[in-house]
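Heads up: the structure comes next, in structure tokens.
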Amino acid sequence: MRVAVIGASGRMGKNLITAIHDADGISLGAAIVKPGSSLIGVDAGEMAGVGKLGVTAVATLADCVNDFDVLIDFTTPTLTLENAAFCAQHQKAIVVGTTGLNDAEKARLNQVAQQSPVVFAPNMSVGVNLTLKLLATAAQILGDEYDVEIVEAHHRHKVDSPSGTALRMGEVVAEALGRNLKDCAVYGREGQTGARTQKEIGFETIRAGDVVGEHSVWFATEGERIEIVHKASSRMTFAKGAVRAATWLNGKAAGMYDMQDVLNLK
Ligand code: NAP
């Protein structure tokens, strides 16, 4: 199976190239950087620091259309949608790790998934996906009596907030409690906000330094608090998960899948 990485020179892109290099049964077919980038023509393995791989970076998907079966995309929402449409048009699968897609963009990605297989997950780490399952169980057992708050921290370069992972955690908890996150989410608090309402789910965001990604979900009531915490210490955890998703997609029918499908957690 040949995998292409778009955004190959990005923080995730380099980790993805390394993870593909380390994995069995798949190989790097193509690496795509920004049009006009000084890295066009540079060996992707050298870019990622794993030595020469014999795959040189190109500027567009059209430049490497015959060189890959599945695309891994950790870029920006607008670019991801263009790439997904390209993959559908050329019968290729796509793994999307990009976060910050709005509802309309998610709907467009769902349309693409009717034509070709898509794995879309705001967090590809195995640990986070297990955490989602633990959160659903906790919420079901604890019920409305416990206040839910989600605190997340990421590096100073992250452009969307709260993180896609924090939002997914909120959705999972809300669903388990029979709520709609859109109706009960409260993002940040400042000034005379009044007392907390019983069913709100609060989000707090920290952006600082080089934090790879930390999420803490509180379930608190009079007399006790449970915290379910996940801390990522290396982007390789996301990259390995994305490579696992790419491998899993081999031979899958068109459709929208997530990491819970890939890890058989449903
Ligand atoms: P990043 O370092 O900014 O990487 C994005 C890459 O996309 C950059 O290399 C950028 O190139 C490239 N790019 C932009 N426009 C392009 C174009 N037209 N053609 C080709 N490449 C283009 O960001 P990151 O930290 O890797 O994160 C990327 C995304 O993944 C974010 O949405 C982030 O939240 C998400 N993420 C998801 C997970 C997960 O598990 N799902 C984990 C980590 C991150 P330039 O550098 O030249 O601009």
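Atoms within each ligand, like the ligands themselves, are counted from 1 in listed order. No experiment lies behind these values; they were computed from the predicted model shown. One-based numbering along the sequence shown.
- Proximity of atom 10 (C) of ligand 1 to the protein is not indicated, since no non-hydrogen protein atom lies closer than 4.0 angstrom.
- Under the 4.5 Å side-chain heavy-atom criterion for grouping Ile, Leu, Val, Met, Phe, Trp and Tyr, F68 is connected to V118 within one hydrophobic cluster.
- By the 3.5 Å distance cut-off applied to N or O atoms, G10 is counted among the residues near ligand 1.
- The minimum heavy-atom distance between V148 and R196, with the atom names listed, is O-NH2, 2.7 Å.
- For L177 against A139, the heavy-atom pair with the smallest separation is CD2-O, 3.4 Å.
- Linking ILVMFWY residues whenever their side-chain heavy atoms come closer than 4.5 Å, directly or via other members, leaves M124 and I6 in distinct clusters.
- At least one heavy atom of A121 sits under 4.0 Å from some atom of ligand 1.
- Note: an N/O pair closer than 3.5 Å links T99 and ligand 1 by distance alone.
- Contact record, A23 with V243: CB-CG1, 3.8 Å, taken as the closest heavy-atom pair.
- In terms of protein heavy atoms, atom 47 (O) of ligand 1 is closest to K34 CD, 3.5 Å.
- In summary, the atoms of ligand 1 found under 4.0 Å from a heavy atom of S9, numbered by their order in the structure, are 9 (O).
- The closest protein non-hydrogen atom to atom 5 (C) of ligand 1 is F74 O, 3.9 Å.
- Under the 4.5 Å side-chain heavy-atom criterion for ILVMFWY residues, no single connected hydrophobic cluster contains both L39 and L61.
- The one candidate from T98, T78, D73 that meets the side chain to side chain donor-acceptor pair (under 3.5 Å) condition with N83 is D73.
- With respect to atom 2 (O) of ligand 1, the closest heavy atom belonging to the protein is R11 N, 2.9 Å.
- For ligand 1, the atoms sitting less than 4.0 Å from at least one non-hydrogen atom of M12 are 26 (O), 43 (C), 44 (C), numbered in the order shown with element in parentheses.
- Side-chain atoms of N250 never come within 3.5 Å of backbone atoms of A246 as a donor-acceptor pair (strictly under, hydrogens ignored).
- Numbered from 1 in the order shown, with element, the atoms of ligand 1 that lie under 4.0 Å from a heavy atom of K158 read 34 (O).
- Atom 31 (C) of ligand 1 has its closest protein heavy atom at T75 O, 3.8 Å.
- Heavy atoms of other residues, nucleotides or ligands lying less than 6.0 angstrom from NZ of K92 number more than 12.
- Proximity to T98 (heavy-atom distance under 4.0 Å) selects the following atoms of ligand 1: 32 (O).
- Under 4.0 Å from ligand 1, the heavy atoms of L79 that appear belong solely to its side chain.
- Every N/O-N/O distance between I32 and ligand 1 stays at or above 3.5 Å.
- Residue contacts with ligand 1 for H157 are absent, since no atom lies close enough (heavy atoms, distance under 4.0 Å).
- In this structure, T76 falls outside the shell of residues with a heavy atom less than 4.0 angstrom from ligand 1.
- The two residues D258 and F120 make their nearest non-hydrogen contact at CB-O, 3.6 Å.
- Residue contacts with ligand 1 do not include H155, since none of its heavy atoms lies under 4.0 Å from the ligand.
- Ligand 1 has P122 within reach: a non-hydrogen atom of the residue lies less than 4.0 Å from it.
- Distances below 4.0 Å separate heavy atoms of V33 from the following atoms of ligand 1: 19 (N), 20 (C), 21 (N).
- Of all heavy-atom pairs between N123 and M259, the closest is O-CG, 3.9 Å.
- In terms of polar-atom proximity, G97 is counted as a contact of ligand 1, with an N or O under 3.5 Å from an N or O of the ligand.
- When hydrogens are left out, the protein atom nearest atom 12 (C) of ligand 1 is G7 CA, 3.7 Å; that is the closest non-hydrogen contact.
- Close N/O approach between S125 and ligand 1 is not found [any backbone or side-chain N/O within under 3.5 Å].
- Remark: E152 CD to T165 OG1 distance equals 8.0 Å, nearest 0.5 Å.
- Atom 40 (O) of ligand 1 has its closest protein heavy atom at M124 N, 2.8 Å.
- Atom CD in Q89 sits 9.0 Å away from atom CD in Q91 (nearest 0.5 Å).
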**OP:** Would you sort out whether S163 and H215 count as a side chain to side chain donor-acceptor pair (under 3.5 Å), showing the intermediate values?
**Re:** CA-CA 9 Å; S163 71; H215 295 85; 2.8 Å; yes
